[in-house]
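Here's the structure, in structure tokens; my notes come after.
Note: hydrogens, waters and symmetry copies are ignored here, and every other heavy atom, side chains too, is used.
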Amino acid sequence: MPFHVLLEGMGTGPQIPAHLTRISISLITTSTDLTNKVVKGKVVQKGPLVSLAPDNFILKTVIQEEDSELNASSQNLSINVVLFGELAKNFSQGVNQEDMVVAAGFTMSKSPTVRKDNLHPFNLLLSGDDACIYVFRPKPPPDDRSLLANRRSSTLSAEVSRKTKVPKYTYVRLGDLTAGSVVNVYGVVVFFKQPFKSRGTDSCSILKITDQSNQNITCSIFCEKLEDHPKIFQIGDIVRMHRVKAQFFKDSISLVNTFGFSVVTFDGTVGGAMEPRTSSRSFHFNQEDRQTVEELRSWASSQALFPTVSAAIHLSAVQPKSYFDLNCQLLAKAPIDSTCILLRVWDGTRCPHTLLKVNVEPNVTEGPSSFSKEKENIIANVFVYDNHLDCARKLKLGSFLRIYNLRANPGHSNVPGLTSSHSVDHLAFHLHGGTSYGRGIQVLPEDSLDVQELKRVLEAFPHDDMNEPFDLNDSALLEVWSTPPELLERGDSPDMPLMTLSELKQCELSRVHHVRAQLRSYEPRRLHQALKLYCSKCTSMQEIPDEELVAGIFSEASSDYEPCNAPPWALLSAFLTDSPVSPDRALTLLLPRQLMSDVKTKGLIFLMGTTLEETYRLAASYQNIVPVRSSGREITLLDLSAPFLFRGRKRHYGCKQCSETVLRDPSAEGVKVIDEKVVAEVLGVQLLQCVLLMKLELQDATDTLEVFLWTHAESFFGVSAEDAAANQEAQNSIRQTMESLCPPGGSMDQHPWLDLFLTAYQTKDDVGQNQTCYQICQTTLIKPPPQNRTPTPPEPPPPPSPGSEITSAG
DNA sequence: GGTTAGGGTTTG
């Protein structure tokens with residue numbers, strides 16, 4: 001196991017092996033011997049778990065060394081740690097910000113982000129069997145074993161807890177309940193019902209719990225608000241309830257909540273994360289509680305209390321006539337009649353039985369009224385009846401659900417809304433009325449394991465029109481990129497009529513259309529991934545080369561030095577560096593004679609023998625730097641994966657395919673101003689243009705639509721791609737724009753409505769099939785939308801108003 | 001300061 005939790009001050013449990021010795025993070029250099037070394041630090045930043053492929057993850061975190069006696073200096077105490085695979089997953093689940101961790105079995109790499117984040121110049125990499133993380137859990141303070149825990153962080157300082165009056169809770173075993181007493185209990189859930197409306201004022205949850213005393217106790221929980229009910233997702237979950245009253249009913253003891261009731265739920269998996277599920281703003285949770293949960297987990301796992309196979313299955317395993325639970329994503333919904341609503345869901349797997357097709361009027365469907373043929377084949381139609389309608393109506397499109405006790409019904413049944421006859425083995429799914437067998441629907445939290453698994457499977461499905469914004473499909477973008485730009489003509493007039501997204505999809509191509517829509521999601525979420533290099537000659541698009549790759553080209557070129565001759569038009573000036581890394585390296589300046597007079601402000605130098613880092617630093621002092629290398633006594637440009645020109649903070653790249661480089665005098669032929677175009681032309685470089693490329697998902701009342709933002713991206717944002725590549729302010733401006741159009745974590749109500757012009761055009765996919773693509777054009781952000789505005793969606797869309805926040809530049 | 005429900009498949 002590469003992941004251990006250590007309890008501070010506890011003599012039992014996993015320990016850090018004695019042969020490992022700790023070194024200070026500040027002492028890590030390339031020459032450090034890492035054998036049997038560990039580092040220790042506090043988690044000061046914890047990145048998200050990123051899925052690279054099914055069962056392959058990556059996670060980045062920053063740890064900071066705190067104890068000063070070990071630090072050789074106060075420099076470089078914070079370091080990026082990159083975790084891979086299972087370890088990344090365990091870390092994501094088991095470690096919180098502020099936790100103290102020890103890392104062992106790591107390797108090092110140069111940090112490509114050192115200039116940006118100012119952290120340690122190296123990264124620690126943790127992958128493979130040798131990699132290991134130990135997490136320290138603080139021991140409770142001796143004078144008060146109770147800690148006040150906040151929802152997100154598991155501990156608070158002892159000082160705070162001393163100031164706060166903390167009640168001490170005692171818990172009664174389920175075998176020791178006496179009628180009439182108000183108690184606190186722990187239990188493992190062996191049965192539960194979703195909250196349903198009672199005849200009184202509240203909703204009612206029914207659960208049955210058990211513990212080591214082997215009593216099964218039925219609990220009735222009445223709460224007005226749904227969020228105050230126990231958040232139970234599956235049998236085996238562990239609940240802790242405060243202030244429940246024991247009473248006799250039908251010869252046995254049962255529990256009912258009483259005044260001051262609160263409940264916290266934990267996952268029941270042995271070794272699972274201790275993430276509490278509760279609506280309480282603060283609750284008490286100490287070491288004893290942790291231990292109680294662990295004990296219940298391990299006791300339950302030894303008891304065969306419930307079926308070993310979960311009731312939740314994938315669509316691919318559904319048997320006709322069976323009842324099952326389904327984890328799925330909601331794609332669309334439509335009311336059928338006063339007792340029934342249709343939910344269209346998928347889990348990314350294909351049911352072996354043909355699924356029933358349902359025809360519903362497009363204008364009553366919420367979400368897309370149809371999907372690609374391939375996607376339609378794996379979408380399940382779920383009919384939801386009676387008491388579940390309330391819940392179904394509130395569900396948001398795109399949310400992840402668990403539907404309990406779904407029935408797979410073969411055949412036709414006289415379902416309203418069906419327009420044609422269906423053969424008997426077509427499966428439809430019914431969530432029948434009533435609450436028997438826990439029937440109901442629950443929205444799964446985004447961070448749950450079930451949702452993580454669903455997302456992995458759904459990401460693997462070929463990208464269609466409604467995937468979540470995780471699956472940046474670069475090859476799809478590339479295809480579009482290769483579309484000749486002349487297909488994208490300008491529109492005729494800015495006051496053309498508005499149309500809905502679903503009308504747009506029926507329209508002829510190569511015209512400009514005017515729509516009003518909200519931005520539902522966009523890709524890529526990281527701005528640097530939206531920056532690409534475009535060759536106007538061969539119309540290819542490429543990624544901006546990786547920092548480490550470029551550094552490698554520089555270091556290879558400088559280590560490969562051989563004496564060479566200066567061309568007649570230049571002066572060669574070589575000297576030895578005093579760099580501590582490689583003190584005897586020759587650093588060579590090649591100065592074009594005609595540009596020497598004012599080389600710093602308007603001139604150009606050729607530079608040989610520098611590292612990438614040194615080139616950056618020199619670029620601050622020289623207007624134009626062209627890195628060169630020696631090659632068989634000749635001087636040549638570097639490989640074109642590296643920038644061929646540094647101009648201040650900007651770097652310029654050339655197209656490998658279209659360039660025929662040659663070293664020539666840039667000052668020839670009376671050139672007055674030296675810029676990247678002049679230099680590229682003289683050196684035979686086909687200049688690559690820095691561009692922005694994003695994929696946006698628009699939504700209106702009728703449909704959703706994916707559109708690209710590229711040739712008009714710069715005018716849309718009012719920021720040049722080149723600036724976005726070179727300076728932080730430009731990047732911030734784009735980020736703020738996107739966040740105002742698509743507020744992170746906000747509901748769709750908070751997304752402003754946008755007036756946009758779109759062009760439609762065709763391109764070919766992998767197999768030569770025509771596909772229609774859309775692109776935003778002629779649209780400019782005219783003022784930054786204020787935060788937290790909640791415009792009402794127009795339905796049908798009204799004509800464009802001068803007050804709209806985004807409008808056409810016309 | 002406390003009614004509601006008190007598990008055990010719709011009938012589409």
Side chains of A:Thr435 and A:Lys193: is there a donor and an acceptor less than 3.5 Å apart? yes
Is there a donor and acceptor pair closer than 3.5 Å between the side chain of A:Arg407 and the base of B:dT10? yes
Criterion side-chain contact (heavy atoms from CB on, under 4.5 Å) on A:Asp289 and A:Tyr186, from CA distance to verdict: CA-CA 10 Å; A:Asp289 288 284; A:Tyr186 264 100; 2.7 Å; yes
Would you mind telling me which residue lines up with the more 5' stretch of DNA chain B, A:Ile206 or A:Gly200, judged by nearest nucleotide? A:Gly200
Determine, for A:Arg393 against A:Glu366, whether the closest basic-nitrogen to carboxylate-oxygen distance falls under 4.0 angstrom. no
Under 4.0 Å, counting only non-hydrogen atoms across every strand here, what does A:Thr201 touch: a base, just sugar-phosphate, or nothing? base
Side-chain-base donor-acceptor pair under 3.5 Å for A:Asp386 and B:dG12: yes
Looking at A:Phe261 versus A:His229, is the centre-to-centre ring distance below 6.0 Å? no
Can you check whether any acceptor in the base of B:dG7 is under 3.5 Å from a donor in the side chain of A:Lys193, or vice versa? no
So what does A:Gly434 hit on the nucleic acid, given a heavy-atom distance under 4.0 Å: a base, only sugar-phosphate, or nothing? nothing
Please pick, from B:dT10, B:dT9, B:dG6, the nucleotide with the shortest atom-to-atom distance to any side-chain atom of A:Asn405. B:dT9
Is the phosphate of B:dA5 approached by A:Ser198 (side-chain N or O, under 4.0 Å from OP1 or OP2)? no
Under 4.0 Å, counting only non-hydrogen atoms across every strand here, what does A:Thr258 touch: a base, just sugar-phosphate, or nothing? nothing
The side chain of A:Arg439 lies closest to which of these nucleotides: B:dG8, B:dT4, B:dT9? B:dT9
Side-chain ion pair, A:Arg277 and A:Asp237, N-O less than 4.0 Å: yes
For a quick check of understanding: with a heavy-atom distance under 4.0 Å over all strands, which category does A:Glu224 fall into, base, sugar-phosphate or nothing? nothing
For A:Lys208, which contact category applies under a 4.0 Å heavy-atom criterion: base, sugar-phosphate, or nothing? base
Under 4.0 Å between a side-chain nitrogen and a carboxylate oxygen: does that hold for A:Arg344 and A:Glu376? yes
By nearest heavy atom, map A:Lys250 and A:Phe259 onto DNA chain B; which one lands nearer the 5' end? A:Phe259
The glycosidic conformation of B:dG7, counting syn as within 90° of 0 and anti otherwise, is anti
What is the distance from CD of A:Gln194 to P of B:dT9, rounded to the nearest Å? 18 Å
Give a yes/no verdict on base stacking between B:dA5 and A:Phe222: centres under 5.5 Å, planes within less than 30° of parallel. no
For A:Tyr323 and B:dT9, say yes or no: do the ring centres fall under 5.5 Å of each other while the ring planes differ by less than 30°? yes
In terms of side-chain heavy atoms of A:Ser220, which of B:dA5, B:dT3, B:dG8 is nearest? B:dA5
Side chain of A:Ser254, heavy atoms from C-beta onward: which of B:dG6, B:dT9, B:dG2 has the nearest atom to it? B:dG6
Inter-nucleotide P distance (B:dG6, B:dT10), Å rounded: 14 Å
Is the phosphate of B:dA5, meaning OP1 or OP2, less than 4.0 Å from a side-chain N or O of A:Arg199? yes
Rounded to whole Å, the CG-C1' distance (A:Asp337 to B:dG12) equals 8 Å
Where the side chain of A:Gln247 is defined as all heavy atoms beyond and including C-beta, which of B:dG8, B:dA5, B:dG12 is the nearest nucleotide? B:dA5
